[in-house]
Amino acid sequence: MNNLSKYLTLLEEPGLGLLLTSRYSRHYGAQADIAEGVAVVTKAGCRYFTDSRYIEAAQKGISGFEVLEVNMHNSYTQRLLDAIRDFGITALGYEEHSMTAGELLRYQDTLGVKLIPMDGKINSFRSVKEPWELERMQKAQDITDEAFSKVLKRIHAGMTEKEVQAELIYCLYACGGEGLSFDPIVVSGPNTSLPHGVATDRVIEPGDFITMDFGVIWHGYCSDMTRTVAVGYATEEMKKVYDTVLKAQLAGIAAIRVGATGQEVDGAARKVIADAGYGEFFGHSFGHSLGLEVHENPGCSPRNPEPMAENVVTSAEPGIYLPGKFGVRIEDVLIFKENGSENLTHSPKELIII
Ligand code: ZN
Ligand code: ZN
């Protein structure tokens, strides 16, 4: 089923349409990434509005929608009012999690139809990926793998975290990334106990861990990966913690299969860390889903009792963070399959000492 037909299944009620305002839902429905615009989906017809900066790309890239330009003669409001009249719309489902209060008030004042918060339903389809979406995610992850092997050759003691971050960003683009999933995290030495620390001017020394968490966007889809490497040497304690995180990640991955709940997958990894005595140092959840955005639902977390469906994507990223000492995180991205999982990430996971 194409994505637009999925949206149409939400429109059984006569007169109901969808108002797609977020970049992600528009991208998902129109299967083309246009930075700015508004789209309307109804059973009577679908329209996509954008301005002169994007109109050519929209007309070339979008299928399933009538694409119309907004300009000084035809504002977004006017285009929406025309669609409401032409398609007999009496209510519009909107995305309450991405619309500002100001935008909602403006729509309430001008459109004259009932506005219904439908974010959960509109964006629910994104959790199960289509084969073509998985292909894009594999490509994004391949680029990330390649960038990791490339950046390892460029890192050495004496560089600052910021210099490593700059090299990493260079490699991500040089290997084919079209954008970054997020600002890469590069932390070293004692800063590695900060799960989402920001790169600083700290100079990397022998005996440090470096944790790098990074990903690219390729054809709209995100990758995500973390590796922790040691510089020069690793102490016995560093090796023990690294080994525990790796075992926890493998235990979590082994629990991934269709029907397993987020809690079960998280719990399998968390048990390994708790049994090793580090339970209090693993504060975040095992994994999050990703796709058009780097953080999507559903999550492999202690708070998710829902069973997972086939072709749900998750990160697998346990960590142990010892304040004032060091931290380790290892992250892959996997697909839920009937009898297990498929790992999109192929970089080695045994401790690398550079
Ligand atoms: Zn990550
Ligand atoms: Zn992640």
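Whatever order the structure lists them in is the order used to number ligands and atoms, beginning at 1. Keep in mind the model is a prediction, meaning the values are calculated, not measured.
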(request) Determine whether Val187 and Val231 fall in the same hydrophobic cluster, where Ile, Leu, Val, Met, Phe, Trp and Tyr are linked whenever their side-chain heavy atoms lie under 4.5 Å apart. (result) no
(request) Kindly report the OE1-the Zn ion (ligand 1)-OD1 angle for Glu331 and Asp224 respectively, rounded to 10°. (result) 90°
(message) What do you get for the angle at the Zn ion (ligand 2) between OE2 on Glu317 and NE2 on His288, to the nearest 10 degrees?
(response) 80°
(request) Taking the six-membered ring of Phe286 (Phe, Tyr or Trp), confirm whether the NZ or CZ of Arg270 is under 6.0 Å from its centre and within 45° of its axis. (result) no
(message) Does this structure show an ion pair linking Glu69 with Arg79, if we count only N-O contacts that are shorter than 4.0 Å?
(response) no
(message) With a 6.0 Å cut-off on the ring centroids, do Phe281 and Tyr321 count as close?
(response) no
(message) For the Zn ion (ligand 1), give me the closest N/O/S atom belonging to Asp213, just the atom name.
(response) OD1
